[in-house]
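Notes to accompany the following structure.
Here is the naming used below: chain letters follow the sequence lines, and residue numbers restart at 1 for every chain. Remember, predicted model here, so these are calculated numbers, not experimental data.
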Amino acid sequence: MSLRLTNTLTRRTEPFVPLEPGKVSIYCCGVTVYDLCHLGHARSYIVWDVLRRHLQWRGYAVTFVQNFTDIDDKILKRAAEEGSSMEAVSERNIADYFTDMDALNIQRADRMPRATLSLDGIRALIAELEAKGAAYSADGDVYFAVMVKADYGKLSGRDLDQQQEGASGRLADGEEARKHHPFDFALWKGAKPGEPSFPSPWGPGRPGWHIECSAMVRQELGDTIDIHLGGADLIFPHHENEIAQSEAASGHPLARFWLHNGMVNVGGEKMSKSLGNFTTIRALLESGVSPMTLRLFVLQAHYRKPLDFTAEALAAAASGWKGLNAALGLAARAIDPAAATDTASPPAGIPPEVEGELASFRERFGAALDDDLNTSAALAVLFELARPLRSQAHRQQRGDAATADAARELNLRARGALLLELAGVLGLIPESLPTGGSATAGEAGDPDVEAAIAARRQAKAERDFATADRIRDELRARGIELIDRPGGITDWIRS
RNA sequence: GGCGGCAUGGCCAAGUGGUAAGGCAGAGGAUUGCAAAUCCUUUACCCCCAGUUCGAAUCUGGGUGCCGCCUCCA
């Protein structure tokens with residue numbers, strides 16, 4: 001069984017075969033850096049991070065390129081509002097992008113070109129299109145002529161005659177008069193007075209949105225790449241236009257596979273800046289949602305389907321992650337970190353039937369991701385793998401000595417190693433628990449809390465449960481939760 | 001008007017021909033002075049109608065509801 005992906009271009013799920021054996025080139029449409037990223041961005045980049053990790057896990061050498069759009073009307077608007085510059089707004093939001101995505105354990109792209117640093121390639125591409133008769137200039141603007149591309153609309157499955165011009169209600173004033181066809185789009189926009197601009201053969205101005213991606217793909221990865229990624233809202237017009245430009249220039253297919261992720265919805269509506277119903281990644285993390293909870297929340301749904309963002313669903317993901325994280329923590333502590341890198345071959349001494357069981361977990365997990373990134377099914381494997389780990393830990397904590405034989409220990413370690421490896425393919429890594437301690441006699445910790453716990457233990461010993469419960473309530477009011485364990489041990493965590 | 005997608009238990013969500021993964025919540029149990037935490041067990045015939053088939057959540061046709069895109073968008 002090999003990887004199959006749903007290709008927007010063919011509207012089918014088809015076997016993925018890279019252009020060059022063993023190598024995969026990927027271009028992912030990045031963000032326009034005018035504001036913080038929201039949950040919709042998080043979903044997109046988490047999902048594509050899993051695609052990338054899975055390809056790597058399968059042994060491919062992946063080259064992953066993602067751009068920053070740092071020239072844009074919204075950035076200019078934001079800069080004007082702040083009284084700062086386009087550069088200042090871009091730099092700040094790029095830094096914030098890295099902070100947020102790093103927190104979510106999203107691997108950084110191998111290369112991250114920016115529009116402002118790719119102007120030579122952009123101008124060259126526009127000139128080439130112009131020379132080939134696919135572009136025309138008008139009053140300082142340059143437009144792409146969609147009619148020269150007989151297959152225009154092939155990605156989004158559109159027939160231009162059937163489209164309602166301006167159905168989105170966002171036609172730019174004045175531009176219509178300059179265009180030969182309503183669906184022609186700007187490759188270069190002449191600068192209005194006072195706007196930042198860059199020189200060009202067509203006069204000072206800045207590149208259109210679509211052309212920058214075409215130029216950066218070509219510059220970084222060549223005429224034809226294996227996979228092009230983006231949100232479903234980019235299919236039309238952005239990706240359609242990218243195809244038109246790139247293919248008109250090169251004469252070769254731009255990308256073999258086009259993958260698009262579904263939107264994040266809020267109350268049944270798409271999360272977006274313009275609707276104002278967005279939640280930033282930052283706000284979510286600051287509210288106490290852990291990065292891995294967010295990752296689990298996203299990966300529980302299939303990447304092409306809409307994902308409804310609700311407090312309930314997020315809370316469910318948090319509970320689910322708590323359990324999975326506990327198992328990952330147990331696994332991480334149980335195995336030798338030095339040996340953890342090679343888990344493909346189980347340690348010696350594992351009974352064949354256990355080895356077979358683990359192999360089948362690995363098989364199921366891989367098959368799930370191979371099946372158009374079925375992360376939901378892959379997660380199910382993780383949860384099944386995790387359960388015996390937690391069970392065993394529970395029994396050991398309760399002092400069930402009969403379970404602590406060496407063979408069993410070895411099996412659990414092998415299981416734990418596999419769990420860590422597979423979770424890692426989904427980018428899920430153990431998160432440290434809230435700070436706390438174990439209040440056994442003579443153990444160091446927060447002296448204040450330890451004293452209160454000692455007092456409670458004393459009260460319990462004297463069967464003065466009223467006092468014991470009062471102490472427990474007082475600590476709880478301070479955000480400290482007590483967990484009694486057998487043997488008179490009381491753990492505590494800050495919640 | 002055009003193109004595309006979705007409808008599975010209280011909630012989220014896999015499953016695309018052979019009698020429904022997983023998570024959350026709930027219930028019961030173990031444990032506890034009582035709790036909490038933890039562990040164990042447990043809960044569905046798949047929007048409606050018609051059809052194909054030995055057999056359909058899964059295929060076909062029709063219907064209903066919801067969502068995305070049609071030059072800001074991940």
Side-chain angles (χ1 to χ4, degrees), chain A residues 8 11 28-32 34 37-48 72-74 153 156-168 170-172 175 179 182-186 208-210 229-238 240-241 260-265 268-275 296-297 300-302 304-308 310 312-321 323-324 326 364 368 371 374-384 387 390-395 397-398 460 463-465 468-469 472-473 476 481-486 491 493:
Chain A
T8 306
R11 287 166 199 77
C28 178
C29 275
V31 288
T32 301
Y34 73 102
C37 289
H38 59 64
L39 196 48
H41 301 105
R43 180 189 197 185
S44 191
Y45 299 127
I46 285 170
V47 157
W48 303 139
D72 172 83
D73 288 344
K74 286 177 183 159
S156 54
R158 274 154 219 268
D159 178 352
L160 289 184
D161 298 337
Q162 302 288 347
Q163 297 302 299
Q164 278 185 2
E165 190 187 330
S168 67
R170 267 181 267 107
L171 288 181
E175 208 178 31
K179 291 184 186 177
F183 282 90
D184 287 354
F185 52 91
W209 177 36
H210 315 300
L229 305 172
D233 51 355
L234 299 184
I235 295 171
F236 190 91
H238 185 54
E240 196 70 71
N241 290 351
H260 293 96
N261 64 276
M263 300 293 100
V264 173
N265 289 167
E269 276 188 321
K270 175 181 161 185
M271 176 179 284
S272 73
K273 285 284 167 62
S274 45
L275 285 170
L296 185 66
F297 170 68
Q300 275 188 311
H302 185 86
R304 283 190 288 106
K305 287 194 176 182
L307 174 62
D308 223 29
T310 62
E312 295 71 30
L314 199 59
S319 297
W321 171 244
L324 197 52
R364 279 176 57 208
D371 181 18
N374 189 339
T375 52
S376 188
L379 278 169
V381 175
L382 257 44
F383 278 105
E384 287 176 39
R387 195 181 310 123
R390 297 193 294 172
S391 248
Q392 175 69 1
H394 180 254
R395 281 195 292 274
Q397 189 181 58
R398 302 186 63 79
K460 277 174 67 176
R463 304 195 68 77
D464 178 5
F465 297 121
D469 290 348
R472 183 169 63 198
D473 291 342
R476 182 176 295 148
E481 207 60 48
L482 298 187
I483 301 162
D484 287 340
R485 288 204 280 130
D491 288 335
I493 57 166

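- In this view, D184(A) and Y136(A) satisfy the side-chain hydrogen bond (donor to acceptor under 3.5 Å, both in side chains) rule, not counting sequence neighbours.
- H210(A) pairs by the side-chain hydrogen bond (donor to acceptor under 3.5 Å, both in side chains) definition with H238(A), N241(A), not counting sequence neighbours.
- Pairing partner, rU32(B): none, since no Watson-Crick or wobble contact has both distances short of 3.5 Å.
- Shown here are the side-chain contact (heavy atoms from CB on, under 4.5 Å) partners of D469(A), two or more places apart in sequence or in another chain: R472(A).
- Partner assigned to rC73(B) is none, using Watson-Crick or G-U wobble distances below 3.5 angstrom.
- Nucleotides rA21(B) and rG63(B) have their P atoms positioned 33 Å apart, rounded to a whole Å.
- Both distances falling under 3.5 Å, in either a Watson-Crick or a G-U wobble arrangement, occur for no nucleotide opposite rC46(B).
- Under the salt bridge (charged side-chain N to carboxylate O under 4.0 Å, His left out) criterion, D484(A) pairs with R456(A), K460(A), sequence neighbours left out.
- Regarding H302(A), its NE2 atom lies at a distance of 13 Å from the C1' atom of rU16(B), rounded to whole Å.
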Anything under 3.5 Å between a protein N or O and an N or O of nucleotides 4-10 of chain B, put it in a table, one pair a line.
{"from": "rA7(B)", "atom 1": "OP1", "to": "K305(A)", "atom 2": "NZ", "distance (Å)": "3.2"}

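- Pairing partner, rU53(B): none, since no Watson-Crick or wobble contact has both distances short of 3.5 Å.
- Nearest heavy-atom pair across R304(A) and H260(A) is CG-O, 3.5 Å.
- Between the C1' atoms of rC47(B) and rC73(B), the separation comes to 32 Å (whole Å).
- When heavy atoms are screened at a 4.0 angstrom cut-off, G40(A) is found touching base atoms of the nucleic acid.
- Remark: K74(A) pairs with Y34(A), D72(A) by the side-chain contact (heavy atoms from CB on, under 4.5 Å) rule, at least two apart or across chains.
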Next item on the list: Output, in order, the C-alpha distance, side-chain angles, deciding distance and verdict of side-chain contact (heavy atoms from CB on, under 4.5 Å) for Q300(A) and L379(A).
Entry: CA-CA 7 Å; Q300(A) 275 188 311; L379(A) 278 169; 3.7 Å; yes
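- Using the Watson-Crick or G-U wobble rule with both distances under 3.5 Å, rU58(B) pairs with nothing in any strand shown.
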Check: How does protein contact run along nucleotides 22-29 of chain B, one letter per nucleotide 5' to 3', with B for base contact, S for sugar-phosphate only, - for none, heavy atoms under 4.0 Å?
Finding: SSSS----
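- Applying the Watson-Crick and G-U wobble criteria (two distances, each under 3.5 Å), rC66(B) pairs with rG5(B).
- Legend: residues meeting side-chain contact (heavy atoms from CB on, under 4.5 Å) with A318(A), ordered by chain and number and at least two apart, are T293(A).
- Taking the C1' atom of each, rC24(B) and rA30(B) are spaced 22 Å apart, rounded to whole Å.
- As judged by a 4.0 angstrom heavy-atom cut-off over every strand, V264(A) is placed among the base-contacting residues.
- Under the Watson-Crick or G-U wobble criterion, with both distances below 3.5 Å, rC24(B) is paired with rG10(B).
- Qualifying side-chain hydrogen bond (donor to acceptor under 3.5 Å, both in side chains) partners for E384(A), counting only residues two or more places apart in sequence or in other chains: R364(A).
- Separation of the C1' atoms belonging to rA7(B) and rA44(B) is 16 Å when rounded to the nearest angstrom.
- With hydrogens and angles ignored, no donor-acceptor pair under 3.5 angstrom links the side chain of R476(A) to the base of rA36(B).
- D484(A) comes within 4.0 angstrom of a base, heavy atoms only.
- Considering all non-hydrogen atoms of both residues, W321(A) and L296(A) come closest at N-CD2, 3.4 Å.
- Using a 4.0 Å cut-off, some side-chain N or O of H41(A) falls inside it from OP1 or OP2 of rA74(B).
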